[in-house]
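Below is one structure, written out as structure tokens; comments come after it.
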Amino acid sequence: MYWCKIAQTNEEYEAIARLNYETFVEEIPQHEPNTQRLKVDRFHEQNTYIVVYKKTELIGMVAFRDERPFSIDEKIGKVEKFLPQEVCDKICEIRLLAVKKNYRTGRVLLKLTQALNTFAYEKGYTAAVISGTTREEKLYKQMGFQQFAPAIGVTDAQFLPMVLTRDVFEHDLQRRLAKDNYTFYPGPVKQLETIGYTNLSHRSLSFKAIYERVQQKLLQLANTKHVGIIVGTGTLANEVMLAQLQAQQLGKGLILTNGEFGERLRKQAVRWSLDFDVVEQEWGTLFDCEKIALLLETRAYEWMLVVHGETSTGTCNNLDGLSQLAKCYNVKLCVDSISTFGAMPFSLQDCYLATAVSGKAIGAVSGLAFVFSQYLAQSATTLPAYLDLANYQQGAIPFTLPAVLLGNLDESLQAYPVRYEQLQQRFEALLQLPYMHFQLPTTRYPMLITIQLPKTLSNLHIDLALNGLLVHGDSPYLLQRGFLQFAVIQPDFDDALVRLNEMLHYYEQIIEA
């Protein structure tokens, strides 16, 4: 197995120095020999090294830097003198491409090139420059580089100033270098089959049959009396839920927050000018039902709002306990179940309002939002028509609903209830992998695992991406806390798990060596 990572250990830096020596002293006589047979690059402290392994053997590398002056600047003057202004906004330099002689195959070079382009492209560079040895001119051209200035150096070690622009990469190379990515995102869900256009009208009897079948399946899974199906995201579903609270003028409420999505609900509630207090819990910890009971005893709250599955941490809040409190104190419980609905069986029977979406655990394409209720909403003329829940409960479909989204959802719902067991099995398999013991100590639900890594593993997110394993870690709230998340809802999870498991085991050996 060939795989790439960012060099970070002393052992890796020593292996890089040995490979540097073999390539740029012994093979290409660019530097003087030494008895240690090590060559440490003069820009070592500024370099980011992308290395390629065969299992646990470091067999190749390339260096990346964006601090000026570049080494090529020192040879030909500032590269801006030779390049069009539009490609000079954000330039990086790539140097020291080296692969052990026994491994100079197309597969190794392709793997290294893919990883390098993933790393540099995501950083938004407009161009990359290199000093390419004339011996490998054909290879560099295959990688998309073009000579932009006369050759430099001595006869035995001549180099070509070459550039790869973002425009050339996007138009000529991106598709050719594309690799099979596996995602562990908690949404949206990858669709393995092409979703085609359909001209089936949302006013037709055929459409109505699909619509009613989807409604009944959703109501069965949720154990509620009514559901509104809306074109939109989970945020829109929550807007509709909050709009109902505002339109009904229910009085003061209580919002429980212990993560990013609880905080978003609070911000949305402020926009609706709702009157509420907040119970703010530390991220990743459960709410204390006894303390909430004391609040409900001493204050006249009419509604309570909580996120069931707090995606930002993987915390699954105690829906049963909160439902009992709501019934005991005659409080209307409103729940964001966007991340949990479809991940495991539970009932929303005791919830006044609840929200979910198509593009999470259910596995359908994103674009449909659901608002569940145990009552038939009254039309609220104070609300925008699109946010009035009553419009979605009156039998007729009020607004255009794309048949392609509804059909895809209908197909995904056929997987239930078997999908519950499938997700549970995936979750348990994921728990067995290296580094999953860094999971947050919280009640979990079988959709995703959140881990908080030590500083020695701070590059894991990037290293996985270099190998086409995309995990959830780019959101600001995750980056700030050093969280990585692995979800089990993607359709190619089984194949992805095999690749992830193999890489993490090799990775563990390298880091702990």
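Model, not experiment: these values are computed from the prediction.
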Margin query: Given Phe341, which partner from the list Val357, Leu218, Thr355 fulfils the side chain to side chain contact (heavy atoms under 4.5 Å, CB included) test?
Written below: Leu218
Margin query: For a 4.5 angstrom cut-off between non-hydrogen side-chain atoms, does Val79 reach Phe148?
Written below: yes
Check: Does a donor on one side chain and an acceptor on the other come within less than 3.5 Å for Asn47 and Asp41?
Finding: yes
Checklist line | Whether over 12 other heavy atoms sit under 6.0 Å from Glu74 CD | finding: yes
Item checked: salt bridge (Lys or Arg N to Asp or Glu O under 4.0 Å) against Glu280, all qualifying residues, sequence neighbours excluded -> Arg266
Next item on the list: Any salt bridge (charged side-chain N to carboxylate O under 4.0 Å, His left out) involving residues 43-59? Give me the pairs, sequence neighbours left out, ordered by first then second residue.
Entry: Glu57-Lys100
Next item on the list: Check side-chain hydrogen bond (donor to acceptor under 3.5 Å, both in side chains) between Gln146 and all other residues, then give those that pass, not counting sequence neighbours.
Entry: none
Next item on the list: Flag the pair Phe486 / His472 as yes when their ring centroid distance falls below 6.0 Å, and as no otherwise.
Entry: no
Check: With a distance cut-off below 6.0 Å to the six-membered ring centre and an angular limit of 45° from the axis, does Arg37 pair with Tyr21 as a cation-pi contact?
Finding: no
Item checked: All pairs passing salt bridge (charged side-chain N to carboxylate O under 4.0 Å, His left out) where residues 492-505 contributes a residue, at least two apart -> Lys190-Asp492
Notebook entry, point to check: Do Arg107's NZ or CZ and the ring of Tyr2 fall within the cation-pi criteria of under 6.0 Å and 45°?
Noted result: no
Checklist line | Counterpart residues, ring-ring contact (aromatic ring centres under 6.0 Å, His included), relative to Phe70 (two or more places apart) | finding: none
Next item on the list: Could you please spell out the steps behind the side chain to side chain contact (heavy atoms under 4.5 Å, CB included) verdict for Ile229 and Val371?
Entry: CA-CA 7 Å; Ile229 303 176; Val371 180; over 6 Å; no
Check: For Met344, does its backbone N or O pair with a side-chain atom of Arg419 as donor and acceptor, under 3.5 Å?
Finding: no
Next item on the list: Begin with the C-alpha distance, continue with both residues' side-chain angles, and end with the deciding distance and a verdict on side chain to side chain contact (heavy atoms under 4.5 Å, CB included) for Leu97 and Leu116.
Entry: CA-CA 11 Å; Leu97 173 62; Leu116 176 63; over 6 Å; no
Margin query: Determine whether a donor-acceptor pair (N or O, by modelled atom type, separation under 3.5 Å) exists between the side chain of Asn467 and the backbone of Leu469.
Written below: no
Margin query: If we ignore hydrogens and angles and just use 3.5 Å, is the side chain of Asn258 paired with the main-chain N or O of Trp283 as donor and acceptor?
Written below: no
Item checked: Check: Gln452 side chain, Gln439 main-chain N or O, donor-acceptor pair, under 3.5 Å -> no
Notebook entry, point to check: Quick one: ring-ring contact (aromatic ring centres under 6.0 Å, His included) partners of Phe119, sequence neighbours excluded?
Noted result: Phe64
Notebook entry, point to check: Within a strict 4.5 Å, meaning less than it, do heavy atoms of the Ile338 and Phe370 side chains meet?
Noted result: no
Next item on the list: Not counting sequence neighbours, which residues clear side-chain hydrogen bond (donor to acceptor under 3.5 Å, both in side chains) with Glu86? List them please.
Entry: none
Notebook entry, point to check: So which heavy atom on Ser71 is nearest to which on Arg95, and how close?
Noted result: OG-NE, 3.1 Å
Next item on the list: Might you point out which heavy atoms bring Ile130 and Ile94 nearest each other, and give the distance in Å?
Entry: CG2-O, 3.1 Å
Check: Tell me the side-chain hydrogen bond (donor to acceptor under 3.5 Å, both in side chains) pairs involving residues 75-84, sequence neighbours left out?
Finding: Arg68-Glu80
Next item on the list: Verify side chain to side chain contact (heavy atoms under 4.5 Å, CB included) between Ile449 and Leu484, making sure each step is shown before the conclusion.
Entry: CA-CA 8 Å; Ile449 292 174; Leu484 284 188; over 6 Å; no
Margin query: With heavy-atom distances below 4.5 Å as the criterion, would you say the side chains of Asp73 and Glu93 are in contact?
Written below: no
Hey, can you pull the donor-acceptor pairs under 3.5 Å for the side chains in residues 402-413, sequence neighbours left out?
unit_1 : atom_1 : unit_2 : atom_2 : d
Asn408 : OD1    : Val365 : N      : 2.7
Asn408 : ND2    : Gln191 : OE1    : 3.2
Asp410 : OD1    : Arg213 : NE     : 3.1
Asp410 : OD1    : Gln414 : NE2    : 3.1
Asp410 : OD2    : Arg213 : NE     : 3.2
Asp410 : OD2    : Arg213 : NH2    : 2.6
Ser412 : OG     : Asn408 : O      : 3.1

Next item on the list: State whether Arg18 and Glu26 are salt-bridged, where the test is any N-O pair (Lys NZ or Arg NE/NH1/NH2 against Asp/Glu carboxylate O) under 4.0 Å.
Entry: no
Check: Can you tell me if Asn317 uses its side chain to pair, donor with acceptor, with the backbone of Val307 under 3.5 Å?
Finding: yes
Next item on the list: Please list, chain by chain and in numerical order, all residues satisfying side-chain hydrogen bond (donor to acceptor under 3.5 Å, both in side chains) with Thr313, sequence neighbours excluded.
Entry: Thr315
Next item on the list: Spell out, as yes or no, whether a donor-acceptor pair under 3.5 Å connects the side chain of Thr194 to the backbone of Gly196.
Entry: no
Notebook entry, point to check: Can you tell me if Arg65 uses its side chain to pair, donor with acceptor, with the backbone of Glu67 under 3.5 Å?
Noted result: yes
Notebook entry, point to check: For Val189, does its backbone N or O pair with a side-chain atom of Lys360 as donor and acceptor, under 3.5 Å?
Noted result: no
Item checked: All side-chain hydrogen bond (donor to acceptor under 3.5 Å, both in side chains) counterparts of Glu12, not counting sequence neighbours -> Lys5, Thr9, Tyr53
Check: Do the rings of Phe438 and Tyr435 sit parallel, tilted or perpendicular, given the 30° and 60° boundaries?
Finding: parallel
Note to self: Tell me the closest heavy-atom pair linking Gln281 and Thr285, and the distance in Å.
What the structure shows: CG-OG1, 3.0 Å
Notebook entry, point to check: Below 4.5 Å, heavy atoms only, C-beta onward: do Gln485 and Leu478 meet side chain to side chain?
Noted result: yes
Margin query: If the test is side chain to side chain contact (heavy atoms under 4.5 Å, CB included), which one of Met503, Lys111, Gln114 qualifies with Cys4?
Written below: Lys111
Note to self: Rounded to the nearest 0.5 Å, what separates atom CG in Leu448 from atom CD1 in Ile489?
What the structure shows: 8.5 Å
Notebook entry, point to check: How many angstroms lie between CG in Leu466 and CD in Glu122, if you round to the nearest 0.5 Å?
Noted result: 10.0 Å
Checklist line | Note: Asp66-Lys90 ion pair, threshold 4.0 Å (strictly below) | finding: no
Item checked: Ile91 to Tyr125 - nearest heavy-atom pair and separation -> C-CD2, 3.9 Å
Item checked: Worked verdict on His202 versus Phe399 for ring pair (Phe, Tyr, Trp, His ring centres under 6.0 Å) -> CA-CA 9 Å; His202 64 290; Phe399 311 110; 9.4 Å; no
Next item on the list: Determine the minimum heavy-atom distance between Asp336 and Asn238, stating which atoms define it.
Entry: OD2-ND2, 3.2 Å
Next item on the list: Apply the side chain to side chain donor-acceptor pair (under 3.5 Å) test between Gln424 and each candidate in Glu428, Gln422, Arg426; give the one that qualifies.
Entry: Glu428
Checklist line | Nearest heavy atoms of Leu500 and Phe184, plus distance in Å | finding: CD2-CZ, 3.7 Å
Notebook entry, point to check: In terms of side-chain geometry, is the basic nitrogen of Glu263 or Lys267 positioned less than 4.0 Å from the acidic oxygen of its partner?
Noted result: no
Notebook entry, point to check: Side chain of Thr133, backbone of Glu136: donor and acceptor closer than 3.5 Å?
Noted result: no
Next item on the list: List in chain and number order the residues that pass ring-ring contact (aromatic ring centres under 6.0 Å, His included) with His44, two or more places apart in sequence or in another chain; answer none if no residue qualifies.
Entry: Tyr13, Tyr49
